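Written out below as structure tokens is the structure these notes cover.
Predicted, not measured: the structure shown is a model, and the values here were computed from it. Below, chain A is the first sequence line, B the second, and so on; all start at residue 1.
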Amino acid sequence: MDRVAQLQINLHPAAFEPLTLLSRWQHNGAAESQFIGRVRPTASDGAALLALELEHYPGMTEQQLENLAAGCCRRHGAISCLVHHRIGRVLPGEAIVLVAIGADRRGPAQRCCQELLEALKHDAPFWKRECRTDGISHWLTGNTPL
Amino acid sequence: MDRVAQLQINLHPAAFEPLTLLSRWQHNGAAESQFIGRVRPTASDGAALLALELEHYPGMTEQQLENLAAGCCRRHGAISCLVHHRIGRVLPGEAIVLVAIGADRRGPAQRCCQELLEALKHDAPFWKRECRTDGISHWLTGNTPL
Amino acid sequence: MALHTPAPIRIRLFAALREQAGWAERDWPFNDHIPPHPQAAPPTPRDLWETLQLPGALGDVRVAINHQFAEADTALQAGDELAFLPPISGG
Amino acid sequence: MALHTPAPIRIRLFAALREQAGWAERDWPFNDHIPPHPQAAPPTPRDLWETLQLPGALGDVRVAINHQFAEADTALQAGDELAFLPPISGG
């Protein structure tokens with residue numbers, strides 16, 4: 001079964017509403033696994049966070065997301081894949097990432113969603129700068145632990 | 001951190017729209033993991049399916065779902081938990097189950113969602129009868145493989 | 001003090017088991033004599049499964065007492081709701 | 001046939017690395033002599049990292065050539081886009 005998954009990948013410079021995007025998603029399969037990540041109200045050191053600034057590498061980021069999604073869907077036999085990711089200035093509580101996978105069965109849907117989320121966190125060129133309410137800002141050099 | 005998760009558990013005798021229910025869900029946490037299961041168009045032997053009939057054990061089913069959700073959220077430190085499950089006659093394409101978990105981090109959200117889905121498939125008293133378009137119907141004695 | 005008749009045990013069957021047995025629920029008088037017990041000892045789900053000659057093997061079903069999973073050899077109490085649950089397929 | 005000047009290598013920096021270096025992108029003439037090579041051999045990302053005296057250790061960054069991750073010792077081609085990527089934090 002070497003079916004090619006339908007991929008839909010978007011970068012958003014402004015806030016997006018995950019459930020609205022999910023409702024517009026044309027997908028197939030009896031099982032859907034979804035993940036939504038939002039900006040926390042605190043910086044990694046616990047200070048109050050004003051915003052997260054997301055830098056990316058235009059061209060490469062889209063390309064990498066597509067490569068990662070296609071590979072992940074192929075390995076798990078997923079049917080459809082939706083990725084929305086914020087760029088620019090993201091406020092606490094706003095969605096930063098949405099990953100949704102449609103598959104025939106729950107196992108592939110869940111595993112593919114999980115694996116793609118890890119892949120994009122580690123292998124898609126995004127960089128987060130934390131802007132604290134006290135005026136201090138700094139670049140993060142890794143992800144929150146799994 | 002012995003925070004008690006907010007549980008919301010519902011059985012639906014009629015079709016429900018998962019995204020509408022998710023949009024009304026008051027939840028917390030930077031990470032949300034969700035799963036939606038729908039009725040397949042074919043029976044387990046590949047014949048065309050007319051409907052799935054879902055019997056349950058009124059009283060015990062709700063109680064068990066609550067026990068399973070509470071235990072799962074406690075083990076994973078999840079903050080909020082939403083479970084919607086159909087009962088009665090469910091048509092192909094209709095949602096049969098929605099599980100959503102809110103947590104501080106993606107790992108607990110994903111693991112809790114996955115574990116609760118398995119738990120309710122194996123330990124909540126639901127029984128599926130497949131009604132085929134050719135008039136034959138029979139009770140399933142297990143779940144589709146993971 | 002008046003002499004009370006203890007509440008019966010309510011027995012419930014579901015899905016395929018209900019259809020094979022041909023009934024969904026019935027009450028079992030708590031004090032009824034059940035063969036293996038010389039006197040009116042509290043019956044267990046296993047006793048009732050055998051006495052009622054329910055179809056199939058008890059090992060293939062799960063037992064619930066008052067909406068909680070239970071062992072087949074639990075002593076039942078007057079008024080208990082006992083259910084025999086064929087293999088579950090939810091979600 | 002006219003003698004063509006080969007297209008330069010475009011070098012790009014991001015995030016903390018861009019700020020530490022003080023620049024975001026620049027072009028490197030493809031034919032420029034780079035110290036370890038006796039003649040005009042194709043430069044590698046490692047050569048350019050060292051020649052440009054970029055801050056920190058090359059081992060702490062990832063290299064991309066034309067939007068694909070690549071090894072630091074890959075021979076660059078005229079017109080390539082080379083990027084040095086500090087640790088990623090997406091999602």
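Interface residues of residues 67-78 of chain D toward chain A, defined by a heavy-atom distance below 4.5 Å and sorted by number: D:H67, D:Q68, D:F69.
In terms of heavy atoms, A:P125 sits closest to D:I88 at CA-CD1, 3.8 Å.
The list of salt bridge (charged side-chain N to carboxylate O under 4.0 Å, His left out) pairs with a residue in residues 126-146 of chain A, not counting sequence neighbours, reads A:D45-A:R132, A:E53-A:R129, A:R129-D:E19, A:R132-A:D134. Among residue pairs with one or both ends in residues 46-66 of chain D, those qualifying as ring pair (Phe, Tyr, Trp, His ring centres under 6.0 Å) are D:W49-D:F84; sequence neighbours excluded.
At least one side-chain heavy atom of A:M60 sits under 4.5 Å from a side-chain heavy atom of D:L85. When side chains are defined from C-beta on, A:D123 counts as touching D:R62, because their heavy atoms get closer than 4.5 Å.
The side-chain contact (heavy atoms from CB on, under 4.5 Å) check on A:E55 picks up A:W127, A:W139, D:F14, D:A15, D:R18, with sequence neighbours excluded.
Heavy atoms closer than 4.5 Å to chain D are found nowhere in A:L117, neither backbone nor side chain. Only the backbone of A:H122 comes within contact range of chain D, with at least one heavy atom under 4.5 Å from a heavy atom of that chain. Heavy atoms of A:H138 lying under 4.5 Å from chain D are absent altogether.
When A:Q64, A:R86, A:Q63 are compared by the number of non-hydrogen pairs under 4.5 Å with chain D, A:Q64 comes out ahead.
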